[in-house]
Protein chains: 2
Amino acid sequence: MDGGINNPGVVAFIDALLDGRLRLGQTVKQDELCELLEMSLSPLRESLTLLEAEGLIQVRKRMGVAIFYPDVRFVGSTFQFREFLEAEGLRRFVPRVTDEWVQSTAEAHLEIIEYVRQVNDQRIFAKPVKALEQAFHGAFIGAFDNEQITANYQRLMQKMYLLRLINLDAVNAVNTIQSMREHLQVLDALKERNVDGAVDALQRHVRGVLHRTLTR
Amino acid sequence: MDGGINNPGVVAFIDALLDGRLRLGQTVKQDELCELLEMSLSPLRESLTLLEAEGLIQVRKRMGVAIFYPDVRFVGSTFQFREFLEAEGLRRFVPRVTDEWVQSTAEAHLEIIEYVRQVNDQRIFAKPVKALEQAFHGAFIGAFDNEQITANYQRLMQKMYLLRLINLDAVNAVNTIQSMREHLQVLDALKERNVDGAVDALQRHVRGVLHRTLTR
DNA sequence: GCGGCGCAATAAATATATTTAATGCGCCTA
DNA sequence: TAGGCGCATTAAATATATTTATTGCGCCGC
């Protein structure tokens, strides 16, 4: 079960948004989407139901496909849900975390901070940073050992990456390094098996991401 | 945003399962599903992607549509997720609950217990019981005031009703009355604004439902 | 001149036809 | 007789054609 996250049409749609071929808030005809995503109408429409269920589009008779534009409520509920899932996942992760994991994850963070500082180009550091973020946050969610929670979380994170489109300026080296430093604070508390401290640090991090997402 | 819960094809599919026209674990051809659900192939396939994303079916080349049969892991993860969401919703609900709500909800429970005892026929009491359950549990989830959590919860509950199909004998008057009594214990704690007591009672209830779902 | 009704245009929704792919059976060969 | 290759069958996947529905514009009537 992948929660529909790997549906080819959904992936193509998200990619088109991320690389600017589609814009948040835009309305496009189904025919235009077919061309843009290089797929035929039938498989496209099968994906549109998924995107609509996720709240990412609305299919409107005669009007076409209206791509969502995240309002304050949407951003808020996405972050609230994320914080809630990760915080509880983290609580469950603490008793099973190993010193080795904390150690190697912390080292990976120190290395990537240096890497981001040096290349200083979002197009280059984006990919390794994303991989590290997924390993970091994914570890907490994995502690639920619950495929349905994992599927929901992956859909949430897909939305999180779309929310960055609101304010692309914020996706820069300074903010990325700040994020990695916040991760390190979680790791510091994890090293001591300090549950409440780790959860506090995680909440500060998620709220930091929210703030940086919305602040110009 | 309704999370795809109201998609006509999805509704028709769930209804077909609930009234026995389809069975858990069965594999059916898409053509057969078209006939059974009285819809054409195109809209059916648009719904199949939703059902597959929910883990309720697998569409297999050449084989047809394989309807899931809930294994222990699936049941466990569904109940775990539900308990987790409701417990946290309940915590947030306590500070805003009114005496009037507790009072009227408790009365509704006492009335329905008497009603179930008298009619003693699942086909008759199922509907009002379901409405009361939704009002009761929905109040907790509503306390999040988060449309994405609400959408996820509704999908979870849709699955919960399907899980009853594993053991239809368990859907009887005795078990229903037991469920309503467990609700009343939550309400007792709520009346005192006893957060931990209410959460404990809710967890006992969810675990009771799980036990009754699996026990013959 | 203003208001309403109807028609035409457009695009979504659905039904159908075609293509693709997978499986199993049978035949041929070693 | 056994093993493998190929063809035929079946059903999913996709592409296309048709139908339905909505919107806007224009014409007619009041």
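Throughout, protein chains are lettered first and strands after them, A, B, ... in sequence-line order, and every chain is numbered starting at 1. No experiment lies behind these values; they were computed from the predicted model shown.
Between A:Phe144 and B:Phe84, a ring centre-to-centre spacing shorter than 6.0 Å is recorded.
A side-chain contact (heavy atoms from CB on, under 4.5 Å) with B:Leu165 is found for exactly one of B:Leu22, B:Val171, B:Leu18, namely B:Leu18.
Between B:Leu48 atom CG and D:dA11 atom P there is a gap of 16 Å when expressed in whole angstrom units. The interatomic distance linking B:Leu44 (CG) with C:dT16 (C1') rounds to 15 Å, in whole Å. Atom CE in B:Met39 sits about 15 Å away from atom P in C:dT16, given to the nearest Å. One can place CD of B:Gln58 at 14 Å from P of D:dA12, the figure rounded to the nearest angstrom. Distance CZ (B:Arg60) to C1' (D:dA13): 17 Å, rounded to an integer number of Å. In this structure, B:Lys61 atom NZ and C:dT23 atom C1' are separated by 13 Å, rounded to whole Å.
Looking at the side chain of A:Met63, the nearest of the listed nucleotides D:dT23, D:dT22, C:dT14 is D:dT23. Distance from the side chain of A:Leu41 is smallest for C:dT14 among the nucleotides C:dT14, C:dA22, D:dA21.
A donor-acceptor contact shorter than 3.5 Å links the side chain of A:Glu52 to the backbone of A:Val59.
For D:dT14, the OP1/OP2 oxygens have no side-chain nitrogen or oxygen of A:Ser40 closer than 4.0 Å.
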Distance-only donor-acceptor pairs under 3.5 Å for side chains of residues 7-17 of chain B, two or more places apart:
from, atom 1, to, atom 2, distance (Å)
B:Asn7, OD1, B:Gly9, N, 2.9
B:Asn7, OD1, B:Val10, N, 3.2
B:Asn7, OD1, B:Ser47, OG, 2.7

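Pairs of residues two or more places apart, or lying in two chains, that qualify as salt bridge (charged side-chain N to carboxylate O under 4.0 Å, His left out) and include a residue from residues 16-39 of chain B are B:Asp19-B:Arg21.
A:Leu50 is listed as a side-chain neighbour of B:Leu50, based on a closest heavy-atom distance under 4.5 Å. Within the 4.5 Å cutoff, no side-chain heavy atoms of B:Glu133 are placed close to those of B:Met157.
Counting any heavy atom pair closer than 4.0 Å across all strands shown, B:Arg45 reaches a base atom.
One N or O donor and one acceptor, one from the side chain of A:Ser42 and one from the base of D:dA15, sit under 3.5 Å apart.
Using a 4.0 Å cut-off on heavy atoms, none of the residues of residues 23-37 of chain B approach DNA chain C.
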